Student: 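Before anything else, here's the structure in question.
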Amino acid sequence: MMNCPYCLSEVSKEAYVCKTCSRDLYLFKPMMAKVADLEGQLAAVPSPELYELRIAELEQLLDEQNQKLEKRSSLQWISDIALYLIIPLLLLLTAHWLIVVVYDTKMLYLRIISMVLPLPFAYALFNKSAYKLFPWFIGVIFLVDLLSHWYELDYEPGR
């Protein structure tokens, strides 16, 4: 049963006309069904207290992660930089030297190796612990810039 939107008398759900006021209910039925559905969804929404508890849990996890990052010693940072930045970069430079200078093969191989070689190092780094990506990106840019200037100084045409 539902109520007529005009006279508020009870009308069966199958009726298209109110028996009391004789008004057409055809247009109101879909709207009334949507209102009932929305009321059901609203009743299913958890209370704000549960959201507050979840926010507090997430903030505590974030604080724990920040404390773990702060506890890292400079030796750990240096070892991570060496393992996850310098070694892959040296391997890439060695691959470049082998492909371009020693074997003089197609540049396609260099491009493939340049994409595939850093992947295991990146996977190991970000799987090991939660790092912020931006500082590592800046570190890579700095090292590439440093090495490109070193390469320009060392390079002499015709040698």
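What you see is a predicted model; the values in this text were computed from it and never measured. Just so you know, these numbers use all the heavy atoms, side chains as well, and skip hydrogens, waters and symmetry mates.
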Student: May I ask whether Val102 and Leu91 are part of the same hydrophobic cluster, defined by side-chain heavy atoms of I, L, V, M, F, W, Y residues being less than 4.5 angstrom apart, directly or through others?
Tutor: yes
Student: Below 4.5 Å, heavy atoms only, C-beta onward: do Val100 and Leu110 meet side chain to side chain?
Tutor: yes
Student: Locate the shortest heavy-atom distance separating Leu83 from Phe121; write the atom from each residue and the value.
Tutor: O-CD2, 3.6 Å
Student: With the 4.5 Å side-chain cut-off for hydrophobic clustering, are Trp97 and Ile112 part of the same group?
Tutor: no
Student: Could you tell me if the side chain of Cys21 sits less than 4.5 Å from the side chain of Ser9, heavy atoms only?
Tutor: no
Student: Do Leu92 and Met107 sit in one hydrophobic cluster, given that two such residues count as connected whenever their side-chain heavy atoms are within less than 4.5 Å of each other, even indirectly?
Tutor: yes
Student: Heavy-atom count check: over 12 atoms from other residues, nucleotides or ligands less than 6.0 Å from Phe142 CZ?
Tutor: no
Student: Is any side-chain heavy atom of Gln60 closer than 4.5 Å to one of Asp63?
Tutor: no
Student: Going hydrophobic residue to hydrophobic residue with side-chain gaps under 4.5 angstrom, can you get from Met115 over to Leu89?
Tutor: no
Student: Determine, using the 4.5 Å side-chain heavy-atom cutoff (strictly less than), whether Ile78 and Leu90 are members of one ILVMFWY cluster.
Tutor: no
Student: Do Thr20 and Cys4 have side chains that approach each other closer than 4.5 Å (heavy atoms only, starting at C-beta)?
Tutor: no
Student: Below 4.5 Å, heavy atoms only, C-beta onward: do Pro88 and Leu117 meet side chain to side chain?
Tutor: no
Student: Side-chain contact, heavy-atom cut-off 4.5 Å: Ile99 with Tyr109?
Tutor: yes
Student: Where do Glu10 and Asn3 land on the side chain to side chain contact (heavy atoms under 4.5 Å, CB included) test, with the steps shown first?
Tutor: CA-CA 5 Å; Glu10 285 192 8; Asn3 291 336; 3.7 Å; yes
Student: Which heavy atom in Tyr84 sits nearest to a heavy atom in Leu125, and how many Å separate them?
Tutor: CD1-CD1, 3.4 Å
